[in-house]
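Computed from a predicted structure; not experimentally measured. As a basis for the values below, the full set of heavy atoms in this structure was taken, side chains included, without hydrogen atoms, waters or symmetry mates.
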Amino acid sequence: MTDSARLPGDPYDAGMAVRREVLGSEHVDRATETSTEFTDEFQEMITRYAWGTIWTRDGLARRERSMITLTALIAGGFWEELEMHVHAALRNGLTPEEIKEVFLQSAIYCAVPAANTAFKIGKKVLAEYARQ
């Protein structure tokens with residue numbers, strides 16, 4: 001959908017702003033620039049609904065949303081997304097200690113092998129973060 005085709009109040013623009021703040025413009029630019037006719041509608045959908053209607057809600061702070069998202073990604077075994085959202089959690093103000101606590105909690109409620117993989121990914125991201 002083109003910018004001119006969006007209706008007033010469409011959550012897309014707010015979603016794009018939050019998506020950039022949480023994931024970083026570099027990631028969002030890469031995702032949108034590599035979008036094709038096949039994936040364009042998916043990119044619109046996640047920007048509008050995940051970022052524009054859920055991440056913009058007042059009910060939870062972004063830190064809390066990050067904790068929930070990390071847990072859900074661990075439970076589902078979505079490792080590539082987990083790596084991206086560890087970066088996002090740091091941007092949203094979570095400390096490495098808090099991320100560790102989320103991973104430990106997930107070990108009990110999601111599965112120890114899943115938490116083991118999460119710790120490997122978290123260790124990699126935190127090392128990158130420390131070098132910045």
Joint cluster assignment, Leu23 & Ile99, ILVMFWY side-chain distance < 4.5 Å: no

Heavy-atom check, side chain of Glu21 versus side chain of Arg62, under 4.5 Å: yes

Aromatic ring pairing His85/Trp51, orientation class (parallel under 30°, perpendicular over 60°, tilted between): parallel

Min side-chain heavy-atom separation Thr39-Thr34 under 4.5 Å: no

Nearest heavy atoms of Arg65 and Gly59, plus distance in Å: NH2-N, 4.1 Å

Spatial distance of atom CD (Glu41) from atom OG (Ser35) [nearest 0.5 Å]: 9.5 Å

For the student: nearest non-hydrogen atoms of Cys110 and Thr71, plus distance: SG-O, 3.9 Å

From CA spacing to verdict: side-chain contact (heavy atoms from CB on, under 4.5 Å), Lys124, Val86: CA-CA 10 Å; Lys124 175 184 175 243; Val86 172; over 6 Å; no

Minimum side-chain heavy-atom gap Phe103-Ile121 below 4.5 Å: no

Heavy-atom side-chain proximity of Thr32 to Met16 below 4.5 angstrom: yes

Smallest separation among heavy atoms of Ala89 and Leu70, with atom names: CB-CD1, 4.0 Å

Side chain to side chain, Glu98 and Arg63, heavy atoms closer than 4.5 Å: yes

Contact check, side chains of Glu81 and Thr69, non-hydrogen atoms, under 4.5 Å: no

Validation row: Leu82, Thr117 side chains within 4.5 angstrom (heavy atoms): no

Side-chain heavy atoms of Ile46 within contact of Gln43, under 4.5 Å: yes

Contact summary for Pro11 and Arg48, nearest pair of heavy atoms: CG-CG, 3.6 Å

Considering all heavy atoms, the nearest Val22-Arg91 contact: O-NH1, 2.8 Å

Heavy-atom pair of closest approach, residues Ala115 and Ser106: CB-C, 4.5 Å

Neighbour count above 12 (heavy atom, 6.0 Å) for Glu101 CD: yes

